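Each remark here refers to the structure printed beneath this line.
The structure displayed is predicted, hence computed values, not measured ones. Side-chain atoms are counted along with the backbone in the values below, which use heavy atoms only and exclude waters and symmetry mates. Here, residue 1 is the first one in the sequence, and each next residue gets the next number.
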Amino acid sequence: MTVFKPKVVKKILGVVCSLSLFSASAQIIPSPPQMSAKGYFLVDFTTGKVIAEGEADTKLLPASLTKMMTSYVIGTEILAGNIAPTDMVTISEKAWAKNFPESSKMFIEVGKKVSVDDLNHGIIIQSGNDACVAMAEHIAGSESAFADLMNAHAEKLGMTNSFFINSHGLDAPEQYTTPRDMATLGAALIRDVPEEYALYKQKSFTFNGIKQYNRNSLLWDASLDVDGIKTGHTAEAGYSLVTSATKGDMRLIAVVMGTESERARKVESKKLLNYGFRFFETITPYKAGDSFADQRIWMGNKETVSLGITQDTPITIPRGQRKNLKAHFELDQTLTAPLAKGSTVGTLFLQLDGEDIAEYPLVTLEEIEEGSFFSRIYDYLRLQIMQ
């Protein structure tokens, strides 16, 4: 009987419950390392937490980091069924290796047929500019049309400070990106096209009798579990590297752009990754379906309803701060029956050092039906008195 539903009461709407998950003194976290690069960015893949950045939105020449977008387009086209790894591509004069005498190439020959799978390996592992043109023409008909496709994907991914002119990354007017956008693209490769991303950890590839090694030297570094992503270099752009590595349940993406040498891009990238893994951690305080609290509900067949969340709560925090993490929730309505399972009734906040660092919808984990006629009247009167 809806006649007995109470008016919204501010005192009840203002219900706030706090819970200290742990308690101890704070730990000092040092500042990020000094970086010798035109721009850099370090982010947690799972949570999107930015750990370190410098000139992250400065527009820079992408060089062969461009091939990450070419690879992303290839991965999405394969996933959509528009092309297949077994497709054979006829190499045009524009894609001929002889057109790239002073730059990285796969050594494909005009008029020959090469599989999409081989070209894909040639792009990712050998950084072949010739292979990029061949795949661009195969997918879009021309490299300019493929660049339009690249920019459409960039816009969809939220890469607002990137623009691509070609598929390989050789310097071109109006072609640019930023460290932040490259991290966004790296995350998209890992998240959206995992089979494509799996190629990035391969250390070598042989085609046409020529064996070439992956230029990402961190793949050989035993102190880090690196499985990607891409190097880039031109005389004007400098030496760049986008890297992803894992440690336990934590995955980081590091972007270093515009260093002075191959060694420098490796050293600077390693500094960022080591800093992230050493001083931060990604934890999940609550799992989807966990009950957070039992809250009073009025005019129902039960006195309390179990409240919780429908998603995991991964967060990135300074290492050693887990013990200082707190949680609290706020209800945005008076809880009255009937109430369906999964109804959003408030917000769960995770807090560190007095600041909210994450929030999630708080929902009912069970269905509550209306109580008896007399119990509803009794609860209604009690609510009126509480006002």
Side-chain angles (χ1 to χ4, degrees), residues 30-43 50-71 100-105 123-129 132 159 161-166 168-186 200 203-204 212-224 226-245 252-279:
S31 300
Q34 294 293 316
M35 300 292 293
S36 298
K38 293 178 182 178
Y40 63 91
F41 196 74
L42 179 66
V43 64
V50 178
I51 297 173
E53 61 179 301
E55 300 296 332
D57 298 310
T58 297
K59 293 177 180 178
L60 301 169
L61 292 171
S64 283
L65 301 187
T66 300
K67 295 182 176 76
M68 291 169 58
M69 178 55 80
T70 298
S71 169
F100 305 95
E102 302 300 326
S103 62
S104 55
K105 49 192 170 290
I123 291 169
I124 293 171
I125 302 166
Q126 300 179 329
S127 199
N129 296 326
C132 290
M159 298 170 61
N161 288 313
S162 295
F163 191 76
F164 300 102
I165 299 294
N166 57 48
H168 41 67
L170 292 178
D171 295 343
E174 303 297 323
Q175 183 158 258
Y176 54 84
T177 190
T178 67
R180 189 187 306 274
D181 278 2
M182 280 294 105
T184 297
L185 179 54
Y200 282 83
K203 295 179 179 179
S204 66
Q212 296 188 64
Y213 290 92
N214 197 317
R215 291 166 174 79
N216 182 2
S217 57
L218 283 178
L219 291 172
W220 283 265
D221 193 312
S223 68
L224 289 167
V226 171
D227 57 13
I229 303 178
K230 189 73 186 73
T231 60
H233 168 255
T234 65
E236 189 173 351
Y239 293 84
S240 301
L241 176 59
V242 180
T243 316
S244 185
L252 296 180
I253 297 173
V255 181
V256 172
M257 297 186 67
T259 66
E260 294 182 350
S261 66
E262 287 187 32
R263 182 180 183 279
R265 71 184 174 193
K266 174 184 177 180
V267 169
E268 299 305 296
S269 298
K270 189 171 179 178
K271 279 163 56 175
L272 274 183
L273 291 170
N274 282 334
Y275 173 77
F277 287 128
R278 170 62 182 85
F279 295 108

Atom [atom1] of [X] and atom [atom2] of [Y]: how far apart are they, to the nearest 0.5 Å?
{"X": "Ile123", "Y": "Cys132", "atom1": "CD1", "atom2": "SG", "value": "4.5 Å"}
{"X": "Thr243", "Y": "Lys270", "atom1": "OG1", "atom2": "NZ", "value": "11.5 Å"}
{"X": "Glu268", "Y": "Tyr239", "atom1": "CD", "atom2": "OH", "value": "15.0 Å"}

**Item:** side chain to side chain contact (heavy atoms under 4.5 Å, CB included) between Phe41 and Met182, intermediate numbers included
**Value:** CA-CA 9 Å; Phe41 196 74; Met182 280 294 105; over 6 Å; no
Taking all atoms of both residues into account, what is the closest heavy-atom pair of [X] and [Y], and its distance?
{"X": "Ala183", "Y": "Val255", "answer": "N-CG2, 3.7 Å"}
{"X": "Ala52", "Y": "Leu272", "answer": "CB-CD2, 4.1 Å"}
{"X": "Val256", "Y": "Ala37", "answer": "CG1-CB, 3.8 Å"}
{"X": "Ser36", "Y": "Thr259", "answer": "O-CG2, 3.4 Å"}
{"X": "Ser103", "Y": "Asn129", "answer": "OG-ND2, 2.9 Å"}
{"X": "Glu236", "Y": "Asp171", "answer": "CB-OD2, 3.4 Å"}

**Message:** Before you tell me yes or no, could you show the steps for Arg180 and Asn161 under side chain to side chain contact (heavy atoms under 4.5 Å, CB included), namely the whole-Å CA-CA distance, both residues' side-chain angles and the distance that decides it to 0.1 Å?
**Reply:** CA-CA 9 Å; Arg180 189 187 306 274; Asn161 288 313; over 6 Å; no
**Request:** Any chance you could lay out the side chain to side chain contact (heavy atoms under 4.5 Å, CB included) test for Thr58 and Lys38, step after step, and finish with the verdict?
**Result:** CA-CA 8 Å; Thr58 297; Lys38 293 178 182 178; over 6 Å; no
Is [X] reaching over with its side chain to a backbone N or O of [Y], donor-acceptor style, under 3.5 angstrom?
{"X": "Glu55", "Y": "Pro179", "value": "no"}
{"X": "Ser104", "Y": "Ser127", "value": "yes"}
{"X": "Lys230", "Y": "Gly228", "value": "no"}
{"X": "Asp181", "Y": "Ser162", "value": "yes"}
{"X": "Ser269", "Y": "Arg265", "value": "yes"}
{"X": "Ser240", "Y": "Gly258", "value": "yes"}
{"X": "Tyr40", "Y": "Glu53", "value": "yes"}
{"X": "Lys67", "Y": "His168", "value": "yes"}
{"X": "Glu174", "Y": "Phe163", "value": "no"}

**Pair Thr66-Leu170, side chain to side chain contact (heavy atoms under 4.5 Å, CB included): steps then yes or no** = CA-CA 9 Å; Thr66 300; Leu170 292 178; over 6 Å; no
**Asked** Quick one: does NZ or CZ of Lys59 land under 6.0 Å from the six-membered ring centre of Tyr176, within 45 degrees of the ring axis?
**Response**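 Relative to the ring axis of Tyr176, which defines the angle, Lys59 lies inside both limits.
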**Request:** Please lay out, stage by stage, how Ser244 and Tyr200 fare under the test side-chain hydrogen bond (donor to acceptor under 3.5 Å, both in side chains).
**Result:** CA-CA 10 Å; Ser244 185; Tyr200 282 83; over 6 Å; no
